[in-house]
Amino acid sequence: MKLKKGALLNYLDFDSVYCLLSLRNAKILSDYFKLLDVHNRNTLNDIQFYHFMHHVTDLKKKEIMMTFDMLDWNASGEIGFEQFYMLVCILLCCEYHVEKNFIFRHSRPVFELLDMDGGRTISPAEFQASGFLFNLKGHALDKIFYEFDVSGDEHLNYKEFKMFTMACIDMQEDTKKMRK
């Protein structure tokens, strides 16, 4: 997933260590959200969300709508600023290539986001379907999944997912060392 050039998000100051926006940039994002909220309901519906994502990312319609469904935690057909902020941080972490750091720093919300059926576990299908959010794709994704499924039940619970996030950070640090 990539941001398109010229989008406002490209100009926000993103802390790639903690994977958060500064307070000033969070305020800018809040004002931007209010501009997108043409109905003045402090939410974005699926159509507003689709057009925003189509304008700022290279995602296809199916991926955009899946992302909306994942963020619409209470199935109200709308997302609020909290979900929008999380989405923007995910978009920026992909732009700065710190996806694994984001997953590690925000493991609980990411786990809940990837747990599409609300079963408190992540199935291989959920993992595969939502991997595009963090640029996780292909056969390697399956390998990673089964490597951390310690219980062998073909689902990752939160503890197994947390181990996965720690291993991702270790792999990222090893890769940096090898590059140097």
Response to the item:
CZ of F102 to CD1 of I90, rounded to nearest 0.5 Å, is 4.5 Å
Discussion item. Could you tell me if the side chain of V88 sits less than 4.5 Å from the side chain of Y32, heavy atoms only?
Written reply: no
Worksheet entry | Distance-minimising heavy-atom pair for L44 and F33 | CG-CE1, 3.4 Å
Discussion item. Between C19 and V98, is the side chain to side chain contact (heavy atoms under 4.5 Å, CB included) condition met? List the steps.
Written reply: CA-CA 8 Å; C19 299; V98 291; 4.2 Å; yes
Worksheet item: Going by heavy atoms in the side chains, are D149 and D153 under 4.5 Å from each other?
Response: yes
Worksheet entry | Gap between atom CD of E99 and atom SG of C94 - 0.5 Å precision | 4.5 Å
Practice prompt. Could you tell me whether a side-chain N or O of S30 sits under 3.5 Å from a main-chain N or O of A26, the two making a donor and an acceptor?
Written response: no
Discussion item. For E78 and D72: C-alpha separation, side-chain torsions, deciding distance, then whether side chain to side chain contact (heavy atoms under 4.5 Å, CB included) applies.
Written reply: CA-CA 6 Å; E78 300 173 321; D72 183 17; 5.6 Å; no
Practice prompt. May I have the step-by-step check of side chain to side chain contact (heavy atoms under 4.5 Å, CB included) for L87 and F52, ending in yes or no?
Written response: CA-CA 11 Å; L87 170 72; F52 165 75; 4.0 Å; yes
Worksheet item: Under a 4.5 Å side-chain heavy-atom rule over Ile, Leu, Val, Met, Phe, Trp and Tyr, are V17 and L91 clustered together?
Response: yes
Discussion item. Could you measure the distance from the CG atom of N25 to the CG atom of L20? Nearest 0.5 Å is fine.
Written reply: 11.5 Å
Discussion item. Could you check whether any side-chain N or O of H106 sits under 3.5 Å from a backbone N or O of Y18, counting only pairs where one atom can act as donor and the other as acceptor?
Written reply: yes
Worksheet, complete the sentence: Minimal heavy-atom distance between H39 and N45, with the atoms involved, is NE2-ND2, 3.8 Å
Worksheet item: Can you check whether L21's main-chain N or O pairs, donor with acceptor, with D13's side chain at less than 3.5 Å?
Response: no
Worksheet item: Are the side chains of T67 and F49 in touch, meaning some heavy atoms are under 4.5 Å apart?
Response: yes
Item to complete: Locate the shortest heavy-atom distance separating L9 from L92; write the atom from each residue and the value.
Response: O-CD2, 3.4 Å
Discussion item. Check for me whether K162 meets the cation-pi criterion with F104, that is, NZ or CZ under 6.0 Å from the six-membered ring centre and within 45 degrees of the ring axis.
Written reply: yes
Practice prompt. Verify side chain to side chain donor-acceptor pair (under 3.5 Å) between E160 and S151, making sure each step is shown before the conclusion.
Written response: CA-CA 8 Å; E160 292 168 332; S151 63; 3.0 Å; yes
Worksheet item: For the residue pair H54 and Y50, does the interplanar ring angle fall in the parallel (under 30°), tilted (30 to 60°) or perpendicular (over 60°) class?
Response: parallel
Worksheet item: What are the two closest heavy atoms between K4 and N10, and how far apart are they?
Response: O-ND2, 2.8 Å
Discussion item. Under a 3.5 Å distance rule, please check whether E126 uses its side chain to pair with a backbone N or O of D117 as donor and acceptor.
Written reply: yes
Discussion item. Looking at D37 and R41, is there a salt bridge between them, counting it only when a charged N and a carboxylate O are closer than 4.0 Å?
Written reply: no
Worksheet item: Would you say the ring centroid of F14 lies under 6.0 angstrom from that of Y96?
Response: yes
Discussion item. How about CG on L23, more than 12 heavy atoms from neighbouring residues, nucleotides or ligands closer than 6.0 Å, or not?
Written reply: no
Worksheet item: Honestly, is R108 close enough over Y158, meaning NZ or CZ under 6.0 Å from the six-membered ring centre and within 45° of the axis?
Response: yes
Response to the item:
When every non-hydrogen atom of L156 is compared with those of F111, the smallest separation belongs to O-CE1, 3.6 Å
Discussion item. If you compare all heavy atoms of L36 against all heavy atoms of F84, which two are closest, and at what distance to 0.1 Å?
Written reply: CD1-CZ, 3.8 Å
Worksheet item: Is E154 close to S123 at the side-chain level, that is, under 4.5 Å between some pair of heavy atoms?
Response: no
Fill in: Point-to-point distance, once rounded to the nearest 0.5 Å, from OG1 of T57 to CD1 of I64
4.5 Å
Practice prompt. With rounding to the nearest 0.5 Å, note down the distance linking CG in N135 to NZ in K2.
Written response: 8.5 Å
Practice prompt. Report the distance from atom SG of C89 to atom CZ of R105, rounding to the nearest 0.5 Å.
Written response: 13.5 Å
Discussion item. Evaluate F134 against M1 for side chain to side chain contact (heavy atoms under 4.5 Å, CB included), listing each step before the verdict.
Written reply: CA-CA 8 Å; F134 299 100; M1 171 171 55; over 6 Å; no
